There are 2 protein chains.
Amino acid sequence: MSLATISPLIASGFHALSEPLRLQILDLLRSKELCVCDLCEALGVSQSKLSFHLKVLKEARLLRSRQEGRWMYYSIDLPQFVILEQYLGEFRRFSPIVPARSCDD
Amino acid sequence: MSLATISPLIASGFHALSEPLRLQILDLLRSKELCVCDLCEALGVSQSKLSFHLKVLKEARLLRSRQEGRWMYYSIDLPQFVILEQYLGEFRRFSPIVPARSCDD
DNA sequence: TTGATACATCAATTAAACTTGTTTAGTCAA
DNA sequence: TTGACTAAACAAGTTTAATTGATGTATCAA
């Protein structure tokens with residue numbers, strides 16, 4: 001993967017991950033999918049607020065949604081996590097072994 | 001690593017990574033350290049603007065700086081990249097194999 | 001000491017993100 | 001149908017982040 005051509009999805013992915021509440025949402029969804037009302041209750045935030053952040057996560061392709069009756073279930077959309085993980089991993093390939101210079105820190 | 005207790009550094013790390021210009025800066029620094037004027041010239045942005053973004057990256061511990069005479073050299077600070085990479089990797093451990101459900105996409 | 005260079009910081013403005021309350025649309029049971 | 005419920009969409013207002021231009025500090029060479 002060339003880092004010179006940075007996909008807009010990369011930046012928006014990291015942006016989606018930059019909010020504490022959104023990280024909490026992802027944490028809750030790690031093991032199982034949940035509907036919005038479950039998340040609302042678990043996080044103690046308003047539905048409207050949650051809806052905004054779920055939209056950010058979904059547009060960054062970190063979440064997918066599935067409707068079942070009147071409930072909307074959200075779950076982790078793994079591929080984009082892998083892409084972001086690999087993006088960060090690229091930095092290891094070109095940098096000296098950790099820690100770089102320990103002599104004069 | 002428990003995801004329930006989210007370090008502020010995690011969120012600020014992802015925040016620092018959420019800006020296209022900051023990603024470009026990191027890209028330029030992947031293979032070698034550079035001084036601010038090198039980055040200024042390579043990116044075609046004002047020194048003041050660059051200084052602001054370098055500070056964001058440094059506060060997120062993605063960059064380190066080293067002064068040599070009147071030049072300030074910036075370079076990748078790898079450990080935090082590894083931490084963020086591992087944070088993303090945790091999501092793979094609990095989710096089904098990629099791709100999750102390929103039947104009805 | 002003077003002037004030039006390299007960079008950081010500040011204050012003011014602009015832009016983007018987030019919050020909150022309300023409205024709209026879809027689902028389901030009675 | 002009606003009414004209760006769930007979630008998305010919308011439209012404020014508020015907060016936070018980014019940009020710009022000017023100023024400040026340190027280094028170095030003349």
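A, B, ... follow the sequence lines: proteins, then strands. Residue 1 opens every chain. Keep in mind that this is a model prediction, so the values were computed, not measured.
- Among the protein residues, A/Tyr74 comes within range of the sugar-phosphate backbone only, with heavy atoms under 4.0 Å from sugar or phosphate atoms but none that close to a base.
- When each of B/Leu34, B/Val36, B/Leu50 is tested with B/Tyr74 by the rule side-chain contact (heavy atoms from CB on, under 4.5 Å), just one qualifies, namely B/Val36.
- In this structure A/Glu68 satisfies the side-chain hydrogen bond (donor to acceptor under 3.5 Å, both in side chains) test together with A/Arg66, sequence neighbours excluded.
- Residue A/Met72 contributes atom CE, which lies 11 Å from atom C1' of C/dA25 at whole-angstrom precision.
- Within the structure, ring pair (Phe, Tyr, Trp, His ring centres under 6.0 Å) contacts touching residues 11-64 of chain B (residues at least two apart or in different chains) are A/Phe14-B/Phe14, B/Phe14-B/Tyr87.
- Here the shortest heavy-atom pairing between B/Ser65 and B/Lys58 reads OG-NZ, 2.7 Å.
- Taking atom CG on A/Leu50 and atom C1' on D/dA7, their separation rounds to 10 Å, with Å as the unit.
- One interatomic measurement links the two molecules: CG of A/Asp38 to P of D/dT6, which rounds to 10 Å at whole-angstrom precision.
- The CD-P distance, from B/Glu41 to C/dA6, rounds to 11 Å in whole Å.
- In this structure, the OH atom of A/Tyr73 is 9 Å from the P atom of D/dA7, given to the nearest Å.
- Note: CG (B/Leu63) to P (C/dC7) measures 14 Å, nearest angstrom.
- Close to D/dA7, at under 4.0 Å from its OP1 or OP2, lies no side-chain N or O of A/Ser51.
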Checklist outcome for this item: Expected string for nucleotides 15-30 of chain D under the B/S/- scheme (protein heavy atoms, under 4.0 Å, primed atoms plus P, OP1, OP2 as sugar-phosphate) is --SBBBBB----BS--
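- At a threshold of 4.5 Å between non-hydrogen side-chain atoms, the residues B/Phe81 and B/Leu26 count as touching.
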Item to check | B/Arg64/B/Glu33 under salt bridge (charged side-chain N to carboxylate O under 4.0 Å, His left out): CA gap, chis, key distance, verdict | outcome: CA-CA 10 Å; B/Arg64 56 175 59 184; B/Glu33 68 175 7; over 6 Å; no
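- As a whole-Å value, the separation of B/Leu54 CG from C/dA6 P is 15 Å.
- If you take NZ of B/Lys58 and P of C/dC7, they are 13 Å apart, rounded to a whole angstrom.
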